[in-house]
Each structure stands twice: as structure tokens, then as C-alpha cells.
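Remarks on the structure that follows.
Note on naming: letters A, B, ... go to the chains in the order of the sequence lines (proteins, then strands), and numbering restarts at 1 for each one. Just so it is clear, the model here is predicted, and its values are computed rather than measured.
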Protein chains: 2
Amino acid sequence: MNSHTSLSRGAGVALWRQISEALEREIRDGVHPAGARLPTEAELSERFGVNRHTVRRAMAELEEQGLIDVTQGRGTFVHLGAIAYLIGRRTRFHENMRRENRAARLELLESATEQASGPIARELEVTAGTPVIRLDTRSHADGLPLSLASHYFPAARFPGLVEIFRETGSVTASFARFGIADYTRRRTRVSARLPDAREQRLLEITRTRPVMATEAINVDAEGAVVEFGLSSFASDRIQLVFEG
Amino acid sequence: MNSHTSLSRGAGVALWRQISEALEREIRDGVHPAGARLPTEAELSERFGVNRHTVRRAMAELEEQGLIDVTQGRGTFVHLGAIAYLIGRRTRFHENMRRENRAARLELLESATEQASGPIARELEVTAGTPVIRLDTRSHADGLPLSLASHYFPAARFPGLVEIFRETGSVTASFARFGIADYTRRRTRVSARLPDAREQRLLEITRTRPVMATEAINVDAEGAVVEFGLSSFASDRIQLVFEG
DNA sequence: GGGTATTTGTTCGTATGTATT
DNA sequence: TAATACATACGAACAAATACC
């Protein structure tokens with residue numbers, strides 16, 4: 001009666017890798033369903049007959065792959081596959097969430113009026129130093145953070161925007177107050193990277209789960225730039241869909 | 001004369017984190033220029049007055065962030081910042097690379113004719129089991145791998161596609177042989193994740209650098225689906241730009 | 001609310017294997 | 001071949017966060 005799961009020592013493949021592959025198989029096979037708690041490090045090191053460090057190396061790999069979530073003092077859990085969709089181009093955040101039947105919220109983290117720096121000015125098509133309004137927001141769907149964003153607007157065109165946004169909680173609704181019935185996405189740049197400390201905290205993700213970083217330009221019916229936005233999306237919770 | 005760099009012990013911040021932050025600062029400040037070799041783990045553990053394991057933990061963090069490249073037996077080097085751009089929507093790979101003045105190559109890794117599985121069939125708008133041609137490709141810009149892709153085509157419409165692609169090395173040029181002068185992108189889905197083993201190898205990236213995974217549908221002038229493509233892009237080398 | 005047990009996180013030490021130069 | 005440098009693995013101890021009573 002050996003409770004150990006046999007690993008091949010001295011073969012070409014590291015023990016920690018054999019362990020992570022065994023656990024990955026078990027997770028994919030449903031031995032540990034989504035949300036389930038995994039055995040503790042101590043129990044696993046007992047089961048596999050290795051040092052706790054070796055188990056920890058394997059767990060780090062699984063966390064990196066997004067298969068498990070680890071919390072100090074709590075334990076290790078099979079990652080809850082959270083799916084979500086979003087749309088590009090001409091759609092709005094609240095509209096999107098409504099289509100997905102999700103409770104939407106756009107939280108205002110911070111706001112300021114600043115002088116446009118070089119890159120911001122170029123995207124907004126104003127001269128550097130022109131006053132711009134910056135709104136830092138965090139979006140939620142069903143209570144889970146989806147994205148962080150910094151929205152930049154030409155201050156001259158949108159006096160009192162911050163208060164209006166505080167009322168409406170929506171960029172689209174705020175634009176409407178200024179007579180902008182429609183606006184469209186001129187361009188979106190997408191890249192991917194690992195999150196910085198702020199993103200990890202505010203998006204509630206671990207440091208090994210990538211974010212999609214976007215730069216977006218919105219223009220009014222006349223083609224004038226009304227908003228430049230820098231966003232980062234929790235890639236585990238969202239997929240960007242561009243239709244054209 | 002203490003050659004140690006002072007760390008604060010017993011403060012709230014782990015030693016390995018202080019070390020990775022110190023090295024990150026040095027790299028960003030140009031103390032270690034891109035491509036430069038970093039001191040060995042032994043030298044760093046001496047400098048910071050910690051165990052080599054603690055240095056290794058810090059190095060793992062920097063590698064995860066993409067700041068350094070580590071190779072067994074060789075040493076540790078500051079990551080060479082490779083930049084590249086790409087475009088979305090109605091443009092073509094070779095056209096893109098020409099605009100960026102980069103040497104483009106689309107390498108055929110594998111090809112096969114298969115029966116369409118459920119998801120593939122749905123996207124290609126054919127019934128499941130219909131024969132489809134699959135082309136697995138790898139794209140390069142200036143010799144560096146940019147992306148991997150699996151392209152699916154309805155086999156009935158494109159007899160002999162594989163040989164034609166082998167000749168032309170281009171999807172667009174192959175389509176032209178079948179009388180398709182133009183085709184457009186109907187939809188693109190974008191997500192981000194960490195690369196699997198195959199992607200790590202073929203894209204020549206480490207396991208901590210994210211890839212952008214895309215699903216794309218191309219249609220001809222009549223709106224019929226001519227191609228469904230699954231790609232993964234090395235996010236360190238490319239940025240996706242969607243214009244609309 | 002508070003103390004205790006549990007569980008993961010950090011750090012040290014040591015030994016040996018493997019890839020590169 | 002020898003030296004160097006990173007990779008893996010074991011053991012021990014304490015810290016920090018959480019859960020439980």
C-alpha cells in the first residue's frame with residue numbers, strides 16, 4: 001500500500017515538471033473540478049514523496065498557466081474559468097454588458113485636469129500643453145474587475161465633464177450632454193504584457209496572468225477626436241472582438 | 001568599504017523583491033544596457049549579501065517581466081528590446097511587412113486535408129465533416145518569428161491549394177489563382193495568454209512572455225467565408241492595430 | 001473579538017546535475 | 001578536458017495571511 005504517486009527520478013524530466021503535469025491531467029480530467037480546493041503543499045509533498053520546495057515549483061508552474069489560484073493562508077484552488085466577451089469598433093461598454101446579461105459598473109478612480117503631454121497631445125490632435133481632462137476608471141462585470149482605463153478628453157470642449165461623469169457613470173451618456181449623439185472608434189491598438197503592481201491589485205489578478213493593453217481613439221461625426229483612451233483588460237475574463 | 005548593496009531586512013518587503021527592483025532600476029537607468037551580460041548569480045548574492053536562492057527568485061521575476069534572458073551555462077543578459085508593428089482589418093501580411101520595411105517570410109510548417117470539426121465547421125459555415133484544408137504557418141520578420149497560425153479553407157473551393165501556397169508563399173497570392181481578387185476580414189477575436197510548449201519553441205520566447213491569440217474570419221466579395229485562421233503572436237515583437 | 005491552528009511565503013544551507021565556454 | 005554558470009532537489013526554520021473556534 002504505497003500512497004505515493006510514482007515519479008521517475010533521474011530520467012530526463014524534472015520532478016517538479018512531472019508533478020505539475022500529473023496535477024494538470026487531474027484538473028483537466030475533472031478529478032479536481034473548477035473551484036475545488038487542492039491538497040496542501042505538505043500533503044502533496046507526502047503523496048509524491050518529494051520536498052515541499054519541489055511541490056511549490058510545480059504549483060508555480062500551474063499558477064503561471066492560469067490553472068490554479070494560490071492564496072497565502074487559504075490554500076490552492078482550481079481556477080474558476082471566467083468567460084466574458086467584449087466588442088470593438090462602434091459599441092459601448094454598458095451596451096456590451098447588457099448584451100452579455102452582466103451587471104455593469106464603471107467606477108471613477110481618479111480625475112484631473114492636466115496639460116497634455118507629447119504623446120497624449122498627438123493622439124488628441126491638440127498642441128502639447130493644451131488642458132486635457134483625465135478620467136481613470138475601472139470597469140466591473142458581475143462584480144469582477146474587467147479593465148482599467150485612463151480616458152483623455154480635450155478640456156475646452158467638455159467643461160464640467162468630471163461632475164457629469166460622476167452623475168451618469170458613463171462616457172456615452174456624458175457625451176450626450178455635450179450634444180454628441182454618436183461617436184466612433186477610429187483606431188485601436190492592442191498589445192499584451194504582464195500586469196504591473198497596480199494592475200495586479202486593481203484587476204485582482206496574479207502577476208503571471210497577462211493583460212491586453214489597448215490604445216483607442218474615438219472621433220465624433222465630423223471626425224474630430226473626442227477621446228483618447230488607454231486601457232488594460234484582464235485577459236482571463238475578456239476576449240476582444242473586432243467586427244468590420 | 002562594503003561592496004554590499006544595502007537591503008532592508010525585516011521590513012515589509014521580501015529581499016528577492018528588493019533585489020529585482022534594484023536590478024530593474026539599474027536596467028532602466030542604463031547601468032546594464034540592452035544585450036549586456038549581468039553579473040553571475042554568485043556575484044549578485046555576494047553583492048547583496050544574500051543566499052544564491054534569493055537572487056534566483058529575483059532573477060525569475062525579472063525574466064517573467066521580460067527584462068532579462070537567462071540561459072543555462074551562458075549567463076543572464078538584458079533583454080534586447082525588439083519592436084514591431086502590425087495592422088488589422090483589410091491588410092495582408094506581406095503588405096504589412098513591406099510598409100514596415102521588414103524582410104517577410106511565411107513558412108509552411110505542415111498541411112493536411114481533414115474533416116471539419118464542430119467549431120471549425122461553424123466558423124467556415126460548412127457542415128461538420130466537410131473536407132477542409134489546414135495550413136500551419138510561421139511568419140518571420142527580419143528573421144525573427146512573429147506568429148504561428150493554422151489557416152482553414154473549404155477544400156472543395158480550393159483544390160490544389162497546398163501546392164499553390166508552396167509556390168507563392170502567400171495566402172493572398174494563392175487566393176488570386178482561384179479568382180479571388182479581394183477578400184476582407186469579417187471578424188477578429190483577440191485574447192492573451194501564456195504560450196504553450198510548442199509556441200515557446202517555434203516563436204523563440206520564454207514561457208513567461210504572453211502571446212496574443214486571434215481568431216479571424218475572412219470572406220470574399222460575396223460574403224462567403226474563404227478562410228478561418230487561428231494565430232498566436234509574440235506580444236513582445238508585435239502590436240495589433242485595428243482601424244475602422 | 002481574540003487566540004490558535006493551518007497554509008502558503010521567504011530565506012538560509014547544502015549537494016549534485018547539466019549546459020556552455 | 002576543465003572551469004564556469006545555471007538547474008534541480010533536499011532539509012530546516014520562521015514569517016505572514018487566513019480560517020476556525
Grab the [atom1]-[atom2] distance between [X] and [N] for me, whole Å please.
{"X": "B:I19", "N": "C:dT10", "atom1": "CD1", "atom2": "P", "value": "13 Å"}
{"X": "B:L15", "N": "C:dT11", "atom1": "CG", "atom2": "P", "value": "4 Å"}
{"X": "A:R9", "N": "C:dT16", "atom1": "CZ", "atom2": "P", "value": "15 Å"}
{"X": "B:D69", "N": "C:dA19", "atom1": "CG", "atom2": "P", "value": "19 Å"}
{"X": "B:E46", "N": "D:dA5", "atom1": "CD", "atom2": "P", "value": "14 Å"}

Inset, instruction - Test the A:R74-A:F77 pair against the cation-pi criterion, namely NZ or CZ under 6.0 angstrom from the six-membered ring centroid and within 45° of the ring axis. - result: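 Output yes; distance and angle both within limits.
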
Inset, instruction - Looking at every strand, decide which applies to A:R37 at a 4.0 Å heavy-atom threshold: base, sugar-phosphate, or nothing. - result: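 The answer is sugar-phosphate, as A:R37 gets under 4.0 Å only of primed atoms, P, OP1 or OP2.
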
Inset, instruction - Could you pick out which residue, A:A11 or A:P39, lies toward the 5' side of DNA chain C when each is mapped onto its nearest nucleotide? - result: A:P39

Inset, instruction - State whether A:T76 places a side-chain N or O below 4.0 Å from either non-bridging phosphate oxygen (OP1 or OP2) of C:dT8. - result: yes

Inset, instruction - Establish, with yes or no, whether the OP1 or OP2 oxygen of C:dT11 is under 4.0 angstrom from a side-chain nitrogen or oxygen of B:N51. - result: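 It does not, given that no N or O in the side chain of B:N51 lies less than 4.0 Å from OP1 or OP2 of C:dT11.
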
Inset, instruction - Decide yes or no, distance alone: a donor-acceptor N/O pair under 3.5 angstrom between the base of C:dG9 and the side-chain of A:E41. - result: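 Flag unset: no donor-acceptor pair detected.
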
Inset, instruction - Apply the salt bridge (Lys or Arg N to Asp or Glu O under 4.0 Å) test between B:E199 and each candidate in B:R207, B:R138, B:R193; give the one that qualifies. - result: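 Going through B:R207, B:R138, B:R193 one by one, the salt bridge (Lys or Arg N to Asp or Glu O under 4.0 Å) with B:E199 is satisfied by B:R193 alone.
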
Legend entry - Residue B:A14, side-chain atoms from C-beta onward, closest of D:dA5, C:dG17, C:dT11: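 My answer, after comparing the listed nucleotides, is C:dT11.
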
Inset, instruction - Keeping the roles fixed (side chain from B:S147, backbone from B:S231), state whether a donor-acceptor pair exists under 3.5 Å. - result: no

Inset, instruction - For side chain to side chain contact (heavy atoms under 4.5 Å, CB included), just list the numbers for B:I68 and B:H79, CA-CA rounded to whole Å, side-chain angles, deciding distance to a tenth of an Å, and then say yes or no. - result: CA-CA 5 Å; B:I68 62 174; B:H79 182 73; 5.8 Å; no

Legend entry - Contact list for DNA chain C against residues 52-60 of chain B - heavy-atom distance below 4.0 Å: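 Output list: B:H53, B:T54.
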
Just the atom pairs and distances: protein N or O near nucleotides 19-21 of chain D's N or O, under 3.5 Å.
{"from": "D:dA19", "atom 1": "OP1", "to": "A:R74", "atom 2": "NH1", "distance (Å)": "3.4"}

